[in-house]
Amino acid sequence: MGYPFQYIEEKWQAFWAEKQTYKVEQPSDKPKFYVLDMFPYPSGAGLHVGHPLGYIASDIVARYKRHKGFNVLHPQGYDSFGLPAEQYAIQTGQHPAITTEANIKRYREQLDRMGFSFDWSREVRTSDPSYYRWTQCIFSLLFDAWYDKKEDKARPIDALIQHLERFGTTDLNAACDDDTPSCTAADWHGMSVEEKQIFLLRFRLTYLAETEVNWCPALGTVLANDEVVQGVSERGGHPVERKKMKQWSMRISAFADRLLKGFDSLDWPEPLKEMQRNWIGKSVGASVRFCVENSHREIEVFTTRPDTLFGVTFLTLAPEYEWVNEITTPSQKAEVDAYVKQAAQRSERERMSEVDRISGVFTGAFALHPITNEKVPIWIGDYVLAGYGTGAVMAVPCGDQRDFDFATHFDLPIKNIFKNVDVSEAAHTSKENTRIANSDFLDGLPVAKATQKVIEALAKNGMGEGATTYRLRDAVFSRQRYWGEPIPVYYVNGQPQLIPDECLPLELPKVSKYLPTPDGAPPLGNATEWAWDTTQNKVVSNDKMDNKTVFPLEKNTMPGWAGSSWYFNRYMDAHNSDAFASKEALAYWKEVDLYLGGSEHATGHLLYARFWQYFLYDFDFVPVENFAKKLINQGMILGESAFVYRIPDTQTYLSKGLCKGKKVIPVHVDVSLVSAQNELDIEGLKKWQPHFAEATFKLEDEKYIVGREVEKMSKSKYNVVNPDAICDQYGADTLRMYEMFLGPIEQAKPWNTAGISGVSNFLNKFWRLFHNGETFVVSDDKPTKESLRILHKTIAKVTQDIEQFSLNTSVSAFMIATNELTNQKCNHREILEPLIVLLAPFAPHICEELWSLLGHNESVTTASYPVANPDYLQDDTKAYPISFNGKMRFTLELSTSLSKDEIETAVMQEERTQTYLDGKTPKKVIVVPNKIVNIVV
RNA sequence: GCCUUGGUGGCGGAAUUGGUAGACGCGCUGGAUUCAAAAUCCAGUGCUGGCAACAGCGUGUGGGUUCGAUUCCCACCCAAGGUACCA
């Protein structure tokens, strides 16, 4: 008989809810600890066993920290704006808010069954107007801000205006789009209001600009760079094309360097930092200008290897390069036009799949080398990207493999500028142990030194300077969708104006359809009430629109990452209606101490959230620069899909063992129809999907054996395991511990329900420690020394494991302890009481029950964590130094029950000792079994 | 191609960072209990040979350092994730 987990779990979940056991208040005289999970998008499919993995781990830490005397903030909420609810709305006409509400309800039920210690009084939902009001407010703050590179921080736009009024752009170093505009103070004063607005828009941290965006026709929206994976949309895998559109953007590029440097103080996983570094893509080098012969034009290139400047034998421009036409000679014109046209037609995808193909065309024009003044031909090639650097490169075939390949293909000269290096077969790209040759004043210099000298020389003749470029682009912030935060902006004469703060939230309007309008406007274009009345400061009907006081509102909405870029601050003071969180709450909780979530958010959410936090910090809205001190990426739990094998064009399915050498089509079947021994329930299958009813199954040993494959858990692969089913069968405590037991938290691992019986057995055994048959019995007698040793060993191990986040091994430690105590027939209160507290973070329900059976009236949550007594931890062995012939020194680890003399005698008398001590042989020795363990030099 | 992480029994995974490899769990084998089954308990279980004591081999492969290597160094192979004509 197992312990009555069902009764116990229901009882204590109700108790916690009623007593608000996990509600947290601030301030408090306890030290604070903030442990947070990345909040989920509540999808219609509900939770599968993979979702709670991180929640269980963070819950264990939260409960552990409470026992340790911390005031623990452990909240949960929902990232509830998102595509699926909108697509469901398009199909059914049901408002996404209704779908979302229903999904949240289901999520909550599932989460509650697992006994999490969330403080639900602080729940947030990004789609709730009382929440997105502040998302809109932060948008407005970003709009009214610019980035001062001199002070390296974001500042109010008023400060910029003041500067412009007094000095114009003189002495201004601000983040801006490509070419920083310049004006004098007089110019500024001469501008009309509208001109000033247009001018300022180029500095704002959120700005409206004609940008080349990733347009996904299938989804009918633009996507941020991180939402495009290998040329197709991350969601749905639809093709994505480049398109120019007027869009809101966030000037994240202004923060590139700080995002890069900020890692130093962050305890985040190295691979994740690396991903963000790659994404930001900082390259240090120089920008160099080449004059075009017989033209006033200059071609500016960016290079990371200015030291190879004397190896330049041609320039290459991207096909989209701005004034290709202008410099092309008449004789080359036809060829260039054809090439440019053809390159434009090649999709992003084609270009990527044909990376090996070399193509290009000569423009007929020549540029002049900025130092030698030699003529170098100007080519066009599609290996040069318009979007990176300047869209032009100086080609150094001897030092860059792509330049080398291009030169070889078109028979262009290759000049070797490396000392003692052969470049006849391939380019020499290494910087180490490389000396420059054939390069005038650089001859004989190593790379670093040559780089420095060239930059100096270029600066002197005005043809270049040191430069840094980033791969990180500004983040497009407009989405042509309904189910997102409205952008709090209206337009006067085409110029964006902010909705006043006190009028927020700007709530989503009702629409008749969730699709774009026939003329291509976003779904909000369907709203009949979507105009802003500046006299009443409220949303009014579109037909009131005139050109004086009522203006059109922005129809785009914000992207998914807007609401998730600051939510961790909202939990600190979730119901504040005067600010996104009070100064006091922010000052108390500061930042997340432990953040758990998947690594798939590395270049999206986590980068944007860091950016917004830096911004809020610059404006003194938050007290810390980094929002999460420590971050852990939990690995995905994978499903084990099951397959049956169909012979093509038949309804015959072969058992796995019969498939060898035959052509078969694997078909997913529901994993719940398959036994642990991979045997298929054929009758069940026929009921599951009718088309299997007439199928024939070829068996082996009278069984149909399915094939197995580990894949991501997904409804369409029929490999989803529902945590509710596990809770029904084994209980939540077992599920919690089993998920931890499965392996290291960071690692991806397949789910296998079969193994859960081990954990289930353990909890039953643990229960039986307190029970004699059906009755609860504990002894108040003094426990044996051995029992105490077991207890304290376990306390030390489990504590250390939680601190190091090695939760799988701590589950093992509990199992070992329980087995040992069972063998000892130990049922002593002095042992079992601390053990309950130790186990409570992992299996809270059973521990609450046992704790109350022991006579405690308070929740076990209030108990303080046991501390290991070192007296019980001492090892049986001790180290003694021993010398031999005055030359060699050994350390003997041996039983403390032997005296030093006894040991020395034992060593000397041991027959093998001479061999060990003659200097050449192993020092590890067992003189007396289990006593003398080791000899080390 | 580059970057990152990893490779240990039939399986999931341990190993105090250089000291008896395989903890703990699953599975498997045998036994107890049972009319029988489930559940539970006990014993065994890296591989090869042997009735056995025991011997040999074993942490992706090949070298190296060391008295001693899963652990450190070099080269390679494989897998997963990220990323890409990024100049």
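Below, chain A is the first sequence line, B the second, and so on; all start at residue 1.
- The distance between atom CG of A:D801 and atom C1' of B:rC24, rounded to the nearest whole Å, is 12 Å.
- The listed nucleotides are B:rG13, B:rC3, B:rA87; the one nearest the side chain of A:Q747 is B:rG13.
- The aromatic rings of A:F814 and A:F762 sit tilted relative to each other, their planes meeting at an angle between 30° and 60°.
- Considering only side-chain N and O atoms, A:Q401 lies nowhere under 4.0 angstrom from the phosphate OP1 or OP2 of B:rG1.
- Rounded to a whole angstrom, the distance from the C1' atom of B:rG60 to that of B:rC77 is 7 Å.
- Crowding of A:Q6 atom CD: a count of heavy atoms from other residues, nucleotides or ligands under 6.0 Å not exceeding 12.
- Look at the C1' atom in both B:rU59 and B:rG7: the space between them is 9 Å, to the nearest Å.
- The base-pairing partner of B:rG62, taking Watson-Crick or G-U wobble contacts with both distances under 3.5 Å, is B:rC74.
- Phosphate contact (OP1/OP2 of B:rU4, side-chain N/O of A:R277, threshold under 4.0 Å): absent.
- In this structure, A:W279 places its CH2 atom 6 Å from P of B:rU83, rounding to the nearest Å.
- Classified by its glycosidic torsion, B:rU20 falls in the anti category, the angle being over 90° from 0.
- A sub-4.0 Å separation between OP1 or OP2 of B:rA14 and a side-chain N or O of A:N808 is present.
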Practice task
Please test A:T363 against A:Y321 for side-chain hydrogen bond (donor to acceptor under 3.5 Å, both in side chains), starting from the C-alpha separation and ending with a verdict.
Solution key: CA-CA 12 Å; A:T363 61; A:Y321 199 79; over 6 Å; no
Handout entry: Test log, rule side-chain hydrogen bond (donor to acceptor under 3.5 Å, both in side chains), inputs A:E300 and A:T390
Key = CA-CA 7 Å; A:E300 184 168 13; A:T390 60; over 6 Å; no
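- Screening A:W751, A:F842, A:Y730 for a ring pair (Phe, Tyr, Trp, His ring centres under 6.0 Å) with A:Y738, the sole residue that qualifies is A:W751.
- At a threshold of 4.0 Å, the pair A:K717-A:E640 does not count as salt-bridged, since none of the basic side-chain nitrogens sits closer than that to a carboxylate oxygen.
- Between A:Y738 and B:rG25 there is no side-chain N or O to OP1 or OP2 distance below 4.0 Å.
- Remark: B:rU16 base-pairs with no nucleotide; criterion is Watson-Crick or G-U wobble with both hydrogen-bond distances under 3.5 Å.
- Comparing A:A748 and A:P271, the nucleotide of RNA chain B nearest to each residue sits closer to the 5' end for A:P271.
- Nearest to the side-chain atoms of A:R402 among the listed nucleotides B:rG13, B:rG25, B:rA87 stands B:rA87.
- If you take atom C1' in B:rG62 and the same atom in B:rA69, they sit 15 Å apart, rounded to whole Å.
- Per the geometry, NZ belonging to A:K797 stands 6 Å off P belonging to B:rA15, to the nearest Å.
- Nucleotides B:rU29 and B:rG13 have their P atoms positioned 24 Å apart, rounded to a whole Å.
- For B:rG81 and B:rA23, the P atoms lie 30 Å apart once the distance is rounded to whole Å.
- Within 4.0 Å (heavy atoms only), A:E746 reaches no atom of the nucleic acid at all.
- Separating the CH2 atom of A:W268 from the P atom of B:rU4 is a distance of 20 Å, rounded to the nearest angstrom.
- In this structure, B:rC57 forms a base pair with B:rG46, meeting either the Watson-Crick or the G-U wobble geometry with both donor-acceptor distances under 3.5 Å.
- When both distances must be under 3.5 Å, the Watson-Crick or G-U wobble mate of B:rU4 is B:rA80.
- At whole-Å resolution of the value, CD in A:Q804 and P in B:rU17 are 10 Å apart.
- Formation of a donor-acceptor pair under 3.5 Å by the A:S760 side chain with backbone atoms of A:I756 is not found in this model.
- B:rG7 shows a glycosidic angle more than 90° from 0 and is accordingly assigned anti.
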Output one line per pair: protein atom, nucleotide atom from nucleotides 40-46 of chain B, and distance, for all N/O pairs under 3.5 Å.
{"unit_1": "B:rU40", "atom_1": "OP1", "unit_2": "A:N761", "atom_2": "OD1", "d": "2.5"}
{"unit_1": "B:rC41", "atom_1": "OP1", "unit_2": "A:R768", "atom_2": "NH2", "d": "3.4"}

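- Between B:rU8 and B:rG22, the distance separating the two C1' atoms is 8 Å to the nearest Å.
- In this entry the distance linking CD of A:E739 with C1' of B:rG12 reads 14 Å, nearest Å.
- Note on A:P750: nothing from the nucleic acid sits closer than 4.0 angstrom, heavy atoms only.
- Across all strands shown, B:rC26 forms a Watson-Crick or G-U wobble pair, both distances under 3.5 Å, with B:rG10.
- Under the Watson-Crick or G-U wobble criterion, with both distances below 3.5 Å, B:rA21 has no partner in any strand shown.
- In this entry the distance linking CG of A:L742 with P of B:rG12 reads 11 Å, nearest Å.
- Here A:T603 does not reach the OP1 or OP2 of B:rG82: none of its side-chain N or O atoms lies under 4.0 Å away.
- Residue A:I280 contributes atom CD1, which lies 18 Å from atom P of B:rG82 at whole-angstrom precision.
- Straight-line distance between the P atoms of B:rG56 and B:rA75: roughly 34 Å, to the nearest whole Å.
- Taking the six-membered ring for Trp and thresholds of 30 and 60 degrees, A:F406 and A:F410 have ring planes inclined between 30 and 60 degrees apart.
- With A:N719 contributing its side chain and A:K712 its backbone, the two residues share a donor-acceptor pair below 3.5 Å.
- Each of A:T809 and A:S812 lies near RNA chain B, and the nucleotide nearest A:T809 is the one positioned closer to the 5' end.
- In this entry B:rA39 has no Watson-Crick or G-U wobble partner, no candidate having both defining distances under 3.5 Å.
- Figure legend. B:rG68 is base-paired to no nucleotide; pairs are counted as Watson-Crick or G-U wobble with both atom distances under 3.5 Å.
- Comparing the C1' positions of B:rG49 and B:rU66 gives a spacing of 32 Å, expressed to the nearest Å.
- Within the nucleic acid shown, A:N819 comes within 4.0 Å of sugar-phosphate atoms alone, with no base atom in reach, counting heavy atoms only.
- Salt-bridge annotation for A:K749 and A:E739: absent, with no side-chain N of the basic residue lying under 4.0 Å from a carboxylate O of the acidic one.
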